[in-house]
Participant: 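Below you will find the structure I want to go over with you.
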Amino acid sequence: MSSTSSASLTFTTLRTSVRRTTPFHCASHRSGSSIGFNPLGFRGVRFHCRKTTTAYSMAGIAAAAATEKKKRVEVFDTEEDLAASLAKCTADLSDKFGKERGSFTVVLSGGSLIKSLRKLVEPPYIDSIEWGKWHVFWVDERVVPKDHVDSNYKLAYDGFLSKVPILPGHVYAINDALSAEGAAEDYETCLKHLVKSNILATSSATGFPKFDLMLLGMGPDGHVASLFPGHPLCKENEKWVTFIKDSPKPPPERITFTFPVINSAAYNALVVCGAGKAGPVQAALGNSQNSDVLPVQMVSAEEEFTWFLDKEAASKL
Ligand SMILES: O=C(O)[C@H](O)[C@@H](O)[C@H](O)[C@H](O)COP(=O)(O)O
């Protein structure tokens, strides 16, 4: 299904200290015929290329991948290839958690991510995914009415949620009648109820809620969710959900999950496309001299953290 079925492909895997044991690794990537199968099953960096002549510098990512457990970096020739892989991985996790827990808790961000989810609303996934088990949340939301052009709910509804049979009661939008403070508090209370009713798991390692999958984007400044470089909210370590009134990216008022919640997710997928984001990608995965830690460099996950990059975003690696 993915364009990785084109004839000759380069494939490189860097050995890291953790063996793959989970199905987040897409079945399509495992097919030895298309992309070269890593017989050792180690996590690492994969380049999904159409030409054997494509040359990438590996040194920087090698260093990063070798020191971090549970982290994988997937680089795709095109955003189309990336979207196909992202759909397959999401569907695999939906199946896994649907079977294991009877529900699948998925967290969305705003921005270009929603477009990259487009293949989930097409065959085979539109018919094969058990949408009734999905519970949908937002890692961050702008404090605007739900029908406002800036609303992440509206973006997701128009581009994704309205096209799949997820139960309306399983879609957890913010209360847009409240202030930023009120909406953050209300959202955290909602999450606590869902933990009590076992729809949302708890991390035994951290005590924070453990979402099954977070689908994250990254801004050109290296922000994730509404956690911006140098902002004190990056250090919040008690609250589950907090608010910001001075977001450097408009609109200024938002609510956001905190890092302890983001990093307690079972699986985090960070979807990054375009040359405009090559700088922070390099800072996080390559050889960068910058000593300031960007928010994107603070992301991890309990089971697996995968970067989905197109080749423009990976161009400085
Ligand atoms: O509400 C928001 O602004 C987002 O949730 C934000 O964190 C977004 O994911 C990144 O800014 C990437 O956005 P792009 O992919 O559109 O660059």
Side-chain angles (χ1 to χ4, degrees), residues 105-117 135-161 171-192 194 200 208-265 267-273 277 280 294-301 305:
T105 53
V106 186
V107 179
L108 304 176
S109 59
S112 56
L113 169 85
I114 300 301
K115 190 173 159 242
S116 294
L117 295 179
H135 291 258
V136 177
F137 305 83
W138 277 266
V139 73
D140 68 336
E141 176 59 287
R142 293 93 179 269
V143 183
V144 294
K146 285 191 202 51
D147 58 358
H148 192 281
V149 67
D150 284 336
S151 161
N152 282 344
Y153 167 83
K154 177 174 164 49
L155 180 75
Y157 184 82
D158 292 348
F160 175 45
L161 300 174
V171 175
Y172 305 91
I174 67 164
N175 183 339
D176 59 0
L178 300 175
S179 64
E181 295 95 315
E185 212 173 290
D186 180 71
Y187 210 85
E188 183 166 320
T189 304
C190 166
L191 298 186
K192 287 186 169 152
L194 292 169
L200 184 52
F208 283 91
K210 181 173 177 174
F211 290 90
D212 298 330
L213 171 64
M214 292 202 193
L215 295 161
L216 305 171
M218 181 194 78
D221 58 354
H223 80 261
V224 291
S226 286
L227 299 165
F228 293 89
H231 198 284
L233 283 189
C234 292
K235 295 188 183 137
E236 173 59 54
N237 61 12
E238 283 177 15
K239 288 183 183 161
W240 296 10
V241 184
T242 188
F243 64 94
I244 178 169
K245 288 189 161 183
D246 56 356
S247 163
K249 178 180 177 182
E253 299 209 359
R254 294 147 172 260
I255 73 165
T256 182
F257 285 6
T258 58
F259 269 120
V261 173
I262 292 172
N263 293 343
S264 296
Y267 291 81
N268 269 324
L270 185 60
V271 180
V272 184
C273 292
K277 296 181 178 174
L294 296 174
V296 71
Q297 294 173 270
M298 297 168 68
V299 177
S300 64
F305 172 30

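Everything numeric in this text was worked out from a predicted model, so none of it was measured.
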Participant: Under 6.0 Å from the CD atom of Glu185, do we count more than 12 heavy atoms belonging to anything else shown?
Facilitator: no
Participant: If we ignore hydrogens and angles and just use 3.5 Å, is the side chain of Asn263 paired with the main-chain N or O of Ser300 as donor and acceptor?
Facilitator: yes
Participant: Using 0.5 Å steps for rounding, measure from the OH atom of Tyr172 to the CG atom of Leu194.
Facilitator: 4.5 Å
Participant: Out of curiosity, Leu200 CG to Phe137 CZ, how far, rounded to the nearest 0.5 Å?
Facilitator: 5.5 Å
Participant: Would you say the side chain of Lys154 lies within less than 4.5 Å of the side chain of Lys146, judging by non-hydrogen atoms?
Facilitator: no
Participant: Does Thr258 reach the main-chain N or O of Lys239 with its side chain, forming a donor-acceptor pair under 3.5 Å?
Facilitator: yes
Participant: May I ask you to test the Met214-Ile262 pair for a side-chain heavy-atom distance under 4.5 Å?
Facilitator: yes
Participant: Which atom pair, heavy atoms only, marks the closest approach of Leu270 to Gly217?
Facilitator: CD1-O, 3.6 Å
Participant: Between Phe259 and Pro295, what is the shortest heavy-atom contact and its length?
Facilitator: CZ-O, 3.3 Å
Participant: First locate atom CZ of Arg254, then atom NZ of Lys245, and finally report the distance between them rounded to the nearest 0.5 Å.
Facilitator: 14.5 Å
Participant: From the options Val241, Thr256, Asn152, Asp176, select the one residue that forms a side chain to side chain contact (heavy atoms under 4.5 Å, CB included) with Glu141.
Facilitator: Asn152
Participant: Taking atom types as modelled, find out whether Asp140 and Ser226 have a side-chain donor-acceptor pair closer than 3.5 angstrom.
Facilitator: yes
Participant: Hey, does His223 have a side-chain heavy atom less than 4.5 Å from the side chain of Val296?
Facilitator: no
Participant: Is a side-chain N or O of Tyr187 found less than 3.5 angstrom from the main chain of Gly182, in a donor-acceptor match?
Facilitator: no
Participant: For a quick test of reading the model, state the closest non-hydrogen atom pair linking Val144 to Pro251 and the distance between them.
Facilitator: CG1-CG, 4.4 Å
Participant: Is there a donor in the side chain of His135 and an acceptor in the side chain of Asp212, or the other way round, less than 3.5 Å apart?
Facilitator: no
Participant: Could you tell me whether the side chain of Leu216 reaches within less than 4.5 Å of the side chain of Val299, counting heavy atoms only?
Facilitator: yes
Participant: Ala183 and Leu178: which non-hydrogen atoms are nearest, and at how many Å?
Facilitator: N-CB, 3.7 Å
Participant: If I take atom CD from residue Glu188 and atom CD1 from residue Ile255, how far apart are they, to the nearest 0.5 angstrom?
Facilitator: 10.0 Å
Participant: Under a 4.5 Å cut-off applied to non-hydrogen side-chain atoms, are Val261 and Phe211 in contact?
Facilitator: yes
Participant: Dump the intermediate steps for side-chain contact (heavy atoms from CB on, under 4.5 Å) on His231 and Asp246, then the final yes or no.
Facilitator: CA-CA 10 Å; His231 198 284; Asp246 56 356; 2.9 Å; yes
Participant: To the closest 0.5 Å, what do you measure between CG (Leu213) and OH (Tyr267)?
Facilitator: 9.5 Å
Participant: Between Arg142 and Asp150, is there a donor-acceptor pair closer than 3.5 Å when you use the side chain of the first and the backbone of the second?
Facilitator: yes
Participant: Under the side chain to side chain contact (heavy atoms under 4.5 Å, CB included) test against Ile114, which residue among Leu108, Leu161, Leu215, Asp158 passes?
Facilitator: Leu108
Participant: What closest approach, in Å, do Val139 and Ala225 show between heavy atoms, and which atom pair accounts for it?
Facilitator: CG2-CB, 3.8 Å
Participant: Minimum heavy-atom separation for Pro145 to Ser151, with atom names?
Facilitator: O-CB, 3.6 Å
Participant: Between Phe257 and Trp240, is the ring centroid distance below 6.0 Å?
Facilitator: no
Participant: Distance from Glu253 atom CD to Ser247 atom OG, nearest 0.5 Å?
Facilitator: 10.0 Å
